[in-house]
Undergrad: 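First, the structure itself, so that you have it in front of you.
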Amino acid sequence: MAQVRFRQAIALALADEMRKDASVMVFGEDVAHAEGPFKTSEGLLAEFGPLRVRDTPISEMAFTGAAVGAATAGMKPVIEIMFMEFMGVALDMVVTEAAKFHYLSGGEFTVPMVIRASVGAGGGFGLQHSQTLENWLVATPGLKVVVPSDIQSAYDLTRAAIRDAGPVAVLEPRALYGDRGPLIQREDGLLEIGKARIMREGNGITVVSMGQLVAKSIEALAGIDAEIIDLSTLVPWDQECVSASIKKTGRLVIVQEAPVSGGWGHEVLSLMVSKHFAELKAAPFIISAPNAPVPYGKDLEELYIPQPAYIKEQIAHYLSTNQVPTPWWTQRGLN
Amino acid sequence: MAQVRFRQAIALALADEMRKDASVMVFGEDVAHAEGPFKTSEGLLAEFGPLRVRDTPISEMAFTGAAVGAATAGMKPVIEIMFMEFMGVALDMVVTEAAKFHYLSGGEFTVPMVIRASVGAGGGFGLQHSQTLENWLVATPGLKVVVPSDIQSAYDLTRAAIRDAGPVAVLEPRALYGDRGPLIQREDGLLEIGKARIMREGNGITVVSMGQLVAKSIEALAGIDAEIIDLSTLVPWDQECVSASIKKTGRLVIVQEAPVSGGWGHEVLSLMVSKHFAELKAAPFIISAPNAPVPYGKDLEELYIPQPAYIKEQIAHYLSTNQVPTPWWTQRGLN
Amino acid sequence: MSTQHEVQSKRRSNLSDPVEQLRRMFEIRYFEEEIVGLFSEGLVHGTTHTCQGQEALNIGLAATLNPDDFVACTYRSHGFALALGLTPEAALGEIMGRTTGCIGGVGGSMHLSAPELGLLPTFAIVGAGLPIAAGAALAFQTRGENRVAVAVFGDGAANIGAFHEALNLASVWKLPVIFICDNNLYGEYSRIETTTSVVDIAQRAASYSMPSEIIDGMILADVIASLKRAIDRARTGGGPTLIEAKTYRYAGHSRADLATYRPEGELESWLPRDPLLVRQNELIAAGVLTTQEVAAISDQERASIAKVIEYTRNAPFPSPDAIFKNIWTQ
Amino acid sequence: MSTQHEVQSKRRSNLSDPVEQLRRMFEIRYFEEEIVGLFSEGLVHGTTHTCQGQEALNIGLAATLNPDDFVACTYRSHGFALALGLTPEAALGEIMGRTTGCIGGVGGSMHLSAPELGLLPTFAIVGAGLPIAAGAALAFQTRGENRVAVAVFGDGAANIGAFHEALNLASVWKLPVIFICDNNLYGEYSRIETTTSVVDIAQRAASYSMPSEIIDGMILADVIASLKRAIDRARTGGGPTLIEAKTYRYAGHSRADLATYRPEGELESWLPRDPLLVRQNELIAAGVLTTQEVAAISDQERASIAKVIEYTRNAPFPSPDAIFKNIWTQ
Ligand SMILES: Cc1ncc(C[n+]2csc(CCOP(=O)(O)OP(=O)(O)O)c2C)c(N)n1
Ligand SMILES: Cc1ncc(C[n+]2csc(CCOP(=O)(O)OP(=O)(O)O)c2C)c(N)n1
Ligand SMILES: [Mg+2]
Ligand SMILES: [Mg+2]
């Protein structure tokens with residue numbers, strides 16, 4: 001099997017889908033000639049030419065809007081928002097336009113566009129270039145949100161997002177771009193949008209995670225009888241999969257990169273508690289980043305993101321006591 | 001006591017604070033000469049003049065940014081985003097700039113600005129002018145978010161927000177602007193940011209609500225032994241107050257205007273379950289709008305928003321069965 | 001019986017006829033005038049923005065575009081929708097929230113849509129239509145089609161970031177898109193000079209090396225001539241154009257607005273140049289119609305709108321399942 | 001021992017002296033050159049954007065503004081920060097994530113801040129500084145103060161919505177703000193003509209009825225003269241100005257970028273007009289300094305930066321409690 005990097009898996013997915021479907025086009029800042037600030041569009045300009053692969057001005061609102069218009073007029077544009085934060089200048093186009101256009105046209109227009117954005121901490125980019133911010137995209141019926149967690153899911157979900165008939169945001173954990181590993185470059189059998197992935201089966205506890213925290217959770221839980229679920233799609237998320245696991249384990253922990261307050265895990269926990277209250281053996285809880293900006297500097301940033309050792313310690317404490325563990329910042333009296 | 005409308009309470013709060021503090025200024029689209037699209041700045045231009053009360057171009061990004069700059073330079077600007085959705089073109093200034101400036105200046109700059117935005121359904125404004133969208137403002141340490149629910153809290157929270165040393169978003173339920181009732185126009189003893197309000201004491205169940213759903217919850221729960229809490233501040237919300245109530249009642253229900261997926265209630269439910277799992281007598285749950293755009297048309301919009309009769313029916317069912325009730329759209333096989 | 005689709009196509013193709021153009025200007029005028037009353041009756045919910053005085057622009061645009069061209073316009077677009085061919089029944093049905101509305105009554109006055117006529121769902125967010133029209137043009141360009149896209153927006157919208165970004169992008173990519181600024185002198189309750197740092201919005205085209213024209217938006221012939229030039233340029237690879245049409249908003253910004261902020265006599269100074277008046281006088285002068293014929297057309301349109309209102313009063317409201325339709329694309 | 005505050009004030013006030021101006025241009029140049037090496041050593045985390053070649057603009061701005069004026073600039077602002085008076089220790093401390101950094105090491109290269117020198121936290125979001133500078137000017141105007149605000153931004157930023165909105169607002173309100181476009185021909189890896197529909201960004205001032213100037217950003221004297229005019233205008237109620245400074249980005253966009261996309265010879269064609277070279281030749285020609293004295297200054301600055309690096313290598317990293325400081329305003 002080919003060994004590729006995460007970022008290459010994305011470029012391959014784009015290329016494969018562009019070969020199959022002439023309506024797929026790619027644009028964004030420096031995605032054409034420079035092949036993407038993170039090299040996620042390697043080879044595309046050379047193969048597909050300047051009509052279908054375009055560099056844009058620094059105009060997130062215009063090019064996101066252009067994607068909405070192009071999609072409405074029959075193309076399948078894939079755009080790149082270099083850092084998720086930049087969606088802050090173009091959110092209207094995603095949430096208020098793209099997500100609502102199908103509804104607003106009485107189901108006649110479709111907006112098959114993909115908004116790729118890099119997210120998350122770990123690169124030392126500082127507090128305005130390191131957040132996950134998936135909260136901006138929720139409470140928006142009509143917009144799907146997926147988050148790849150490894151090379152295969154980066155490839156699969158990118159292709160699946162392009163094939164989807166509506167708008168899909170793909171939030172790519174920036175910290176994973178350099179990861180290298182095997183990829184099945186497949187036409188069929190792609191991971192599906194809306195389906196969670198069981199990364200490891202287990203019976204003692206259900207651990208739901210997403211993005212770069214999935215691999216950390218897997219590492220953390222070596223030797224623990226945990227069922228590890230990669231949510232994979234945040235909207236609409238796979239309630240059946242998580243439900244089935246909780247029925248088996250009676251325990252739920254969410255591991256997220258987002259801060260405590262405003263993080264995506266609350267919805268999973270909340271809806272699952274409403275459904276499985278009687279089946280739960282102990283309080284479910286969330287392992288997350290603290291309520292603080294993402295700090296610059298290797299050590300602090302590493303501390304900020306839940307790491308395997310910390311995840312392990314938290315879950316081990318929980319399993320041995322049935323009590324929700326105290327997060328590190330409270331242990332240290334910091335917050 | 002003076003009888004005023006909700007919108008007048010806001011104008012009075014602005015005027016009272018402007019009289020006290022010459023650094024308070026107000027700007028936004030049509031807030032000066034027209035006294036606000038919702039008449040929430042009645043009398044301000046006449047009293048405080050065109051330097052401190054200004055109409056802006058249709059440029060949410062510029063005038064929100066101008067508020068950040070003016071606040072940094074020692075003013076206390078209050079800006080108006082006419083409909084919350086318009087923050088979609090200016091979110092960067094709120095979340096990525098205002099909220100982070102204090103941190104980014106090592107604590108030296110402060111950004112004492114207030115962003116007022118009208119929110120919510122009930123006015124027949126259609127799906128791009130009727131959402132609450134508080135989810136855009138969470139996961140953002142540094143930014144406070146308050147939501148008045150009646151005339152007094154509109155007045156108090158507006159003044160408290162202006163007095164706050166940092167940026168505060170005030171999300172005003174548009175449907176309440178016309179409400180009329182008594183107001184204590186006070187200098188001291190204002191409701192505090194970060195403190196929830198117990199609207200009615202009770203022992204049987206804790207009901208946490210916010211905005212226009214508070215009054216509906218109160219109406220719904222007549223005759224039921226419920227403790228009704230107006231969260232009042234969404235960030236940072238009053239965990240102590242809700243905790244204390246749950247300890248007493250052993251039951252938690254959230255009543256929110258936001259849709260199921262992405263709504264604010266999940267965080268309250270989730271953190272409270274992690275803390276009070278053992279004390280809960282039954283599954284907590286959320287009464288909310290469905291996962292759908294806000295429909296135009298009186299009947300559908302009324303159905304969309306949880307109304308007293310529906311809230312009552314849901315909670316009565318829950319109290320009598322200890323089971324989480326089925327929402328109306330599932331009962332009707334619609335979603 | 002002809003299908004909705006056939007009726008709409010005919011309404012569109014008819015517009016090559018000058019008499020039909022005038023008739024449809026009356027249709028728009030009476031439609032808008034009646035909306036106000038329906039609002040007061042409580043039959044229109046929320047808000048509504050009418051376009052009396054801007055009919056020449058409505059009809060001029062519809063008469064020059066092909067049905068497969070795309071148009072992005074605003075909440076103030078009953079007139080454009082009717083001009084492009086949407087039936088008054090489908091427009092009023094939407095405005096009154098009935099199942100007969102063009103999107104089944106769940107959208108309301110700000111949200112008209114007619115894909116088969118090229119009308120994108122109208123935009124309730126100021127400026128949002130500009131990048132999206134540019135995007136439609138991008139699709140046409142990329143596929144090598146001979147189609148154009150149009151964005152219509154107000155003078156107030158010329159101060160929002162999306163305007164700037166869209167015009168720059170369209171110019172850099174030479175997109176077949178026409179930007180039409182309907183300068184009616186007001187953005188809500190604010191007169192243009194209090195919010196806008198240029199007198200003519202068209203001046204801003206120079207920032208994008210884009211050709212521009214300023215036209216009298218009250219004169220149908222001028223509108224059509226200017227649009228033809230711009231559309232031709234776009235179809236032949238010449239890229240985008242900015243057209244500024246000087247018009248006047250007869251009514252207030254939205255239903256509740258009595259426009260008391262307007263200088264005295266301003267409205268009155270515009271009325272002698274009313275687009276319907278100008279056009280009917282032209283046709284009479286040219287011997288195409290007699291005064292009596294014009295009066296008859298006017299009466300017919302008034303009566304016809306009255307019938308549409310009657311019909312819509314009796315049209316059903318959507319049932320709850322309408323809330324859940326068309327959210328997710330299948 | 002003098003306090004940090006005194007040191008910074010002195011660094012600022014010294015700039016009235018032409019020799020100190022030159023010295024500080026060397027300081028910036030060597031500072032930036034060393035950053036690249038520190039990055040390769042792994043001592044600078046994430047990303048960093050250097051400004052070699054743009055020193056005349058840095059020093060020119062700091063030499064003309066008062067310390068109570070406000071400056072909003074970008075992630076590419078080590079030079080502006082040093083010029084305005086931030087010590088190299090505080091700048092490098094931040095860039096290397098140490099407690100000695102100007103915000104204690106939690107921000108990094110893109111986030112320098114020096115409130116007492118008027119330096120707003122530098123902006124990592126393209127265009128964000130423009131409305132915020134306008135806002136600072138709004139505060140000054142509202143209080144009747146004789147202060148100005150400045151926004152510095154790149155050529156690429158002239159295509160983002162915030163640029164347009166901020167310039168219009170500043171013009172309508174006649175705010176005392178100066179917009180300086182540092183046109184270094186590139187936005188990341190894209191040359192200006194591929195993204196921008198005008199040749200000179202200054203052309204866009206006409207869209208806001210705003211005075212503008214195009215200046216040679218490599219020539220300190222030109223920068224100072226132009227800024228003085230604009231600042232004077234702003235201080236005397238004349239409103240905003242747009243200045244376009246033609247410069248060149250010697251290095252790639254950010255640390256990893258080798259700028260292989262540049263046309264061959266382009267960098268070389270700029271080097272003879274290097275701002276340090278131009279300035280030192282002027283001072284030598286004017287008899288203010290000798291060649292030997294210039295060499296000495298250069299050596300001193302190189303040595304001094306070496307010391308700062310040594311100092312910062314040994315400076316402590318922040319402890320975890322730093323993460324939680326200054327989030328909520330007390
Ligand atoms: C981003 C945004 N800001 C504000 C509004 C509120 N609003 C609706 S219409 C309008 C005035 C627009 O004026 P103009 O562009 O001149 O169009 P006109 O209404 O005159 O046709 C405003 C401010 C909005 N819908 N969207
Ligand atoms: C809104 C936004 N979009 C994109 C970026 C990524 N980005 C950072 S710097 C840059 C190029 C800016 O070019 P220019 O304005 O010319 O400034 P220069 O770097 O040349 O000084 C880009 C695209 C960003 N930081 N913010
Ligand atoms: Mg207007
Ligand atoms: Mg540049």
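Just so it is clear, the structure is predicted and the values come from calculations on it, not from any experiment. Only this structure's heavy atoms are used, side chains among them; waters, hydrogens and symmetry mates stay out. Reminder, nothing fancy here: chain letters follow the sequence lines and each chain counts from 1.
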Undergrad: Would you mind checking which part of C/A133 comes under 4.5 Å of any heavy atom in chain A, side chain (CB onward), backbone (N, CA, C, O), both or neither?
TA: neither
Undergrad: List for me each residue that meets side chain to side chain contact (heavy atoms under 4.5 Å, CB included) alongside A/E42, sequence neighbours excluded, and say none if there are none.
TA: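 For A/E42 the side chain to side chain contact (heavy atoms under 4.5 Å, CB included) partners, ignoring immediate neighbours, are A/R7, A/Q8, A/A11, A/E35, A/K39.
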Undergrad: Determine whether C/P131 and A/V68 make a side-chain contact, defined as any pair of heavy atoms from C-beta on separated by less than 4.5 Å.
TA: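 No, every pair of side-chain atoms sits at 4.5 Å or beyond.
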Undergrad: Between A/M93 and chain C, which part of the residue has a heavy atom less than 4.5 Å away: side chain, backbone, both or neither?
TA: side chain
Undergrad: Quick one: which of A/L143, A/V111, A/V89 has the most heavy-atom pairs under 4.5 Å with chain C, could you say?
TA: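 Highest number of pairs under 4.5 Å: A/L143.
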Undergrad: Quick one: which of C/G129, C/A128, C/A166, C/A134 has the most heavy-atom pairs under 4.5 Å with chain A, could you say?
TA: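 That would be C/A128.
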Undergrad: Mind telling me whether A/F101 and C/F123 have parallel, tilted or perpendicular rings, with 30° and 60° as the class edges?
TA: tilted
Undergrad: Flag the one option from C/A136, C/A124, C/G104, C/A162 with the top tally of heavy-atom pairs under 4.5 Å to chain A.
TA: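 Top count of heavy-atom pairs under 4.5 Å with chain A: C/A136.
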Undergrad: Among C/G101, C/A72, C/G107, C/A139, who wins on heavy-atom pairs under 4.5 Å with chain A?
TA: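 Top count of heavy-atom pairs under 4.5 Å with chain A: C/A139.
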Undergrad: What option among A/P77, A/A62, A/A90 has the most heavy-atom pairs under 4.5 Å with chain C?
TA: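 The answer is A/A62.
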Undergrad: Can you tell me which portion of A/V235 sits under 4.5 Å from chain C's heavy atoms? Options are side chain, backbone, both or neither.
TA: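 Side chain of A/V235 only, per the 4.5 Å heavy-atom cut-off to chain C.
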Undergrad: For C/A322, is it the side chain, the backbone, both or neither that has a heavy atom under 4.5 Å from a heavy atom of chain A?
TA: backbone
Undergrad: So for C/L167, is it side chain, backbone, both, or neither that comes closer than 4.5 Å to the heavy atoms of chain A?
TA: neither
Undergrad: In Å and rounded to the nearest 0.5 Å, what is the CG to CZ distance from C/L169 to A/F63?
TA: 9.5 Å
Undergrad: Across chain C and chain A, going purely by atom type as modelled, what donor-acceptor pairs are there at a distance under 3.5 Å?
TA:
from	atom 1	to	atom 2	distance (Å)
A/R54	NH1	C/Q141	OE1	3.1
A/R54	NH2	C/Q141	OE1	2.8
A/R54	NH2	C/T142	OG1	3.3
A/M61	N	C/E165	OE1	3.0
A/A62	N	C/E165	OE1	2.8
A/A66	N	C/P131	O	3.4
A/A70	N	C/G135	O	3.2
A/A73	O	C/R143	NH1	2.8
A/A73	O	C/R143	NH2	2.6
A/Y103	N	C/N326	O	3.2
A/Y103	OH	C/I323	O	3.0
A/G106	O	C/N326	ND2	3.4

Undergrad: How long is the gap from CZ on A/F27 to CG on C/L138, to the nearest 0.5 Å?
TA: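 Those atoms lie 5.0 Å apart.
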